[in-house]
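Convention: sequence-line order gives letters A, B, ...; per-chain numbering from 1.
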Amino acid sequence: VEGLAPEHIADILTDTFGEKIQGTVLDSAHPHVRVRPDAWPEVAKFLRGDPRMKFNMLRCISSVDQLEDDRFEAVYDLDCMLGETNGPKNWSRPQNVSIKISVPRSDPHIPSVADVWPAADWHEREAYDLMGIVFDGHPDSVDTPEGKRPRRILCPDDWEGHPLRKDYAFPMEYHGIPAVTEYGQTRPVH
Amino acid sequence: MGLSLPTAPRGEAGFFTTKLDVVVNWARQNSLWPMPFGTACCAIEMMASAASKYDLSRFGMERMSFSPRQADLLICAGRVAYKMAPVLRRIWDQMMQPKWSISMGACASSGGVFDAYSMVQGIDTIIPVDVYVPGCPPRPEALLEGLMRLQDKIKNATIAKDRWQTAKRQALAGATP
């Protein structure tokens, strides 16, 4: 099955959403479309539902810490998977697209798209847990003093900080267990 | 010659005298029931140790006890994350005295290559450890060697000293009974 080229997909998105698309980068190893954070649910529903798009699979959400620009970036890799299991048409991936959303490091909020792609549920929890990007409206949120946050997925629930941030400071102890990142740490004697 | 030794009547057992410590330690060292706490690749080598080629049951350990209440040897095989630390500690606390533990492999003993924010840097920061088995992962021979060293340790203990050590250990670890 022939799919749309990345240029074509980018044109359709720009024509449909205008100012809500911040730009397209096509001459890259990872062609992508930049979307404004507040327009993301609307664009996501279009990408999933429009008959020309049919991006029915969210492969991955990556989070990037751009410390020098003081921004976080979330990268959504979308696939259009067509076919049938045990049917006459084999599965194929006619087209794919990447969406990048950039948010300021001081206030990193992106609307959740877990209702559009169920795969986003755990990916958004991981991106919050390890990078601290807040996905507003996530279905598995917990109340914190700062507001609603997605539940952590890898670190313990009471963990402090977001370990994959470039300015993350390693903890020196966790509930009395000495945490060591250098040689020469003394240990308790049993 | 006026000397008569007590002899057992035909068909009945005789007796011999020994120290209580020897009997107790003999029983303890030859009936260790391991609680396998396998979290990573070391657990594969532990399974190999229990399988027919290396045959852990030669040492009286054929019963891997998956319940800590019926085990007396904790074999921690693999890395332990901070999220897992309370689980390991609770299993150790649930085991009955007398109990021993083996830290199997580099990660359990020192954190190994996981010099990371998320990883316990040696389970001796959580529970007391009797024998450290080095290796990444250790071969079954190494685990068996560690078990035999633990048997030596048990053999050379006395009940009185054992109780004293246990009390001291609990006081140091701040353990709740």
Engineer: Taking the side chain from A/Ser98 and the backbone from A/His32, do they hold a donor-acceptor pair closer than 3.5 Å?
Structural biologist: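 Not at all, since once roles are kept as given, no pair shorter than 3.5 Å links the two residues.
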Engineer: For the pair B/Tyr82 and A/Tyr174, name the ring-plane relationship: parallel under 30°, tilted 30 to 60°, perpendicular over 60°.
Structural biologist: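 Rings of B/Tyr82 and A/Tyr174: tilted, 30 to 60°.
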Engineer: Classify the ring geometry of A/Trp40 against A/Tyr76: parallel below 30°, tilted from 30° to 60°, perpendicular beyond 60°.
Structural biologist: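 A/Trp40 and A/Tyr76: tilted rings.
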Engineer: Could you check whether atom NZ of A/Lys166 has more than 12 heavy atoms from other residues, nucleotides or ligands sitting under 6.0 Å from it?
Structural biologist: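 It does: A/Lys166 NZ has more than 12 such atoms within range.
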Engineer: When only heavy atoms count and the cut-off is under 4.5 Å, which of residues 128-160 of chain A reach chain B?
Structural biologist: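 Contacts with chain B: A/Leu130, A/Ile153, A/Leu154, A/Cys155, A/Pro156, A/Trp159.
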Engineer: For the side-chain contact (heavy atoms from CB on, under 4.5 Å) test, which of B/Arg89, B/Lys99, B/Arg69 pairs with B/Gln94?
Structural biologist: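 Single pass found, and it is B/Arg69.
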Engineer: Inspect the surroundings of CZ in B/Arg90 and state if more than 12 heavy atoms from other residues, nucleotides or ligands are less than 6.0 Å away.
Structural biologist: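 No, not enclosed.
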